[in-house]
Chemist: 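One structure is given below, represented as structure tokens, and several questions about it will come after.
All values reported here derive from a predicted model rather than from experimental measurement. Computed from heavy atoms alone, side chains included, the values below leave out hydrogens, waters and symmetry copies. Numbering starts at 1 and runs along the sequence shown.
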Amino acid sequence: MPVYEYVCSQCQGRFARLVRGFSDPSDLQCPRCASKAVSRAISRVSVVRSEDARLDAMADSSMFNDLDENDPRSVARWAKKMGRELGDDLGGDWNEMVDQMIDEEMGGEGDGKSGGADSNDLGWG
């Protein structure tokens, strides 16, 4: 049974639903606004890799191509990229910690868009 992601054309909310078979269920509606005007969205794909494969990817020199150690935002992007490679080893709040550090480094001048949760993301409802 696949899990499909959907987007609501009325409120632009995104949600996921476990579906039997490959057809959309007849009772499909947005959990936020109850609209039936939803369409299947293209989802991200998750690939399980061994620890060796993750470490090899982190050792690749391309991980440092766009890193400017004098730019805190560049360092934050790099830290988030490394966090994605390490996965659960860093804990689920790694991106929030990086955002907090960048806000402190920038003296509170952060734009608030450095990686927080999307307000339209409805989760796995």
Chemist: Run the salt bridge (charged side-chain N to carboxylate O under 4.0 Å, His left out) test against Asp27 and tell me which residues pass, sequence neighbours left out.
Modeler: Arg17
Chemist: Identify, with sequence neighbours excluded, every residue that meets side chain to side chain contact (heavy atoms under 4.5 Å, CB included) alongside Ser9.
Modeler: Ala37
Chemist: Report the residues that fulfil side chain to side chain contact (heavy atoms under 4.5 Å, CB included) with Ser23, sequence neighbours left out, ordered by chain and then residue number.
Modeler: none
Chemist: Please enumerate all residues that pass side chain to side chain donor-acceptor pair (under 3.5 Å) together with Gln10, with sequence neighbours excluded.
Modeler: Ser35
Chemist: Can you give me the closest heavy-atom contact between Cys30 and Phe15, atom names plus distance?
Modeler: CA-CE2, 3.8 Å
Chemist: To the nearest 0.5 Å, what is the distance between CZ on Arg40 and CD1 on Ile42?
Modeler: 11.0 Å
Chemist: Check the hydrophobic clustering (I, L, V, M, F, W, Y; side-chain heavy atoms under 4.5 Å; chains of links allowed) and say if Val3 and Val7 are grouped together.
Modeler: no
Chemist: To the closest 0.5 Å, what do you measure between OG (Ser26) and CD (Gln29)?
Modeler: 11.0 Å
Chemist: Leu28 and Tyr4: side-chain contact (heavy atoms from CB on, under 4.5 Å), yes or no, with the steps?
Modeler: CA-CA 11 Å; Leu28 186 63; Tyr4 291 121; over 6 Å; no
Chemist: Test of understanding: with side chain to side chain contact (heavy atoms under 4.5 Å, CB included), list the residues that count as partners of Val75, not counting sequence neighbours.
Modeler: Leu67
Chemist: List for me each residue that meets salt bridge (charged side-chain N to carboxylate O under 4.0 Å, His left out) alongside Asp68, sequence neighbours excluded, and say none if there are none.
Modeler: none
Chemist: Could you pull out the closest heavy-atom pair between Gly13 and Arg32, with the gap in Å?
Modeler: CA-NH1, 4.1 Å
Chemist: Specify the closest pair of heavy atoms between Cys8 and Cys11, including all atoms of both residues, with the distance to one decimal.
Modeler: SG-N, 3.4 Å
